[in-house]
Colleague: 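Pasting a structure below so you can have a look.
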Amino acid sequence: MVQSGLITVASNTVNHLRLDTLSPEKVDYELQASKRVLEQQLGVPIQYFTYPEGDVIESVKQKVAAAGYKAALIMSLDAQVERVANKSDDLLSIMRFGQSRFEEIVGAIAH
């Protein structure tokens, strides 16, 4: 799939833990080890990150950038918080729609 050029693989940490509950050292491990393993296994640079559970805090955003990611995706299951990607604060917190509303969003776009 990666070799087709039709998809982009993003990292989502090693253990899919909430990063805001981990020590700074554990956060570094989760960000760096995931990126390294994916790059080794797939043979392509991993440039993007998706926050586990969609949660992001400023100190983790800085670590995401330091780990070498160009951009990162966040999400919320709260319809009042969700917004389109171009309304995001920055490249390290690009909003995406939560999976629970995917069909609703596709339906709204199709009409």
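Everything numeric in this text was worked out from a predicted model, so none of it was measured.
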Colleague: So which atom in H16 and which in E30 form the shortest heavy-atom distance, rounded to 0.1 Å?
Modeller: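 Taking H16 first and E30 second, the nearest heavy atoms are N-OE1, 4.2 Å.
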Colleague: If two hydrophobic side chains count as joined below 4.5 Å and joins carry through other members, does Y69 share a cluster with Y48?
Modeller: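 No, Y69 does not connect to Y48 through the hydrophobic network.
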Colleague: Pair D90, K61 - check side-chain contact (heavy atoms from CB on, under 4.5 Å), show working.
Modeller: CA-CA 10 Å; D90 54 53; K61 277 177 37 175; 2.6 Å; yes
Colleague: For A71 and I94, work out which heavy atoms get closest and say how close.
Modeller: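 So the minimum-distance heavy-atom pair works out to CB-CD1, 3.9 Å.
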Colleague: Could you tell me the separation between the OG atom of S93 and the OH atom of Y51, rounded to the nearest 0.5 Å?
Modeller: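 Separation between the atoms: 6.5 Å.
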Colleague: Taking atom NZ of K35 and atom CD of E39, what is their separation to the nearest 0.5 Å?
Modeller: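 K35 NZ to E39 CD: 3.5 Å, rounded to 0.5 Å.
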Colleague: Once rounded to the nearest 0.5 Å, what's the spacing between atom NZ of K70 and atom CG of L92?
Modeller: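 Between K70 NZ and L92 CG, I get 12.5 Å after rounding to 0.5 Å.
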Colleague: Can you name the closest pair of heavy atoms from L22 and R18 and give their distance?
Modeller: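 Closest heavy-atom pair between L22 and R18: CG-O, 3.6 Å.
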Colleague: Using the rule that Ile, Leu, Val, Met, Phe, Trp and Tyr join whenever any side-chain heavy atoms are under 4.5 Å apart, tell me whether V37 and L31 fall into a single cluster.
Modeller: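 The answer is no; the residues belong to distinct hydrophobic clusters.
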Colleague: Would L19 and L17 show up in the same hydrophobic cluster when neighbours are defined by side-chain heavy atoms closer than 4.5 Å?
Modeller: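 The answer is yes; both residues are in one hydrophobic cluster.
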Colleague: So which heavy atom on L38 is nearest to which on S11, and how close?
Modeller: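 L38 and S11 have their closest heavy atoms at CD1-CA, 3.8 Å.
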Colleague: Hey, could you give me the CD/OG1 distance between Q47 and T8, rounded to the nearest 0.5 Å?
Modeller: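 Nearest 0.5 Å value for the CD-OG1 distance: 8.5 Å.
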Colleague: Inspect the surroundings of NZ in K63 and state if more than 12 heavy atoms from other residues, nucleotides or ligands are less than 6.0 Å away.
Modeller: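 More than 12 heavy atoms, drawn from other residues, nucleotides or ligands, come within 6.0 Å of this atom.
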Colleague: Would you mind reporting whether L42 and V9 have side-chain heavy atoms less than 4.5 Å apart?
Modeller: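 Side chain of V9 against side chain of L42, heavy atoms only: contact under 4.5 Å found.
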Colleague: Measure across A10 and F49 and return the closest heavy-atom pair with its distance rounded to 0.1 Å.
Modeller: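 Heavy atoms of A10 and F49 come nearest at CB-N, 4.2 Å.
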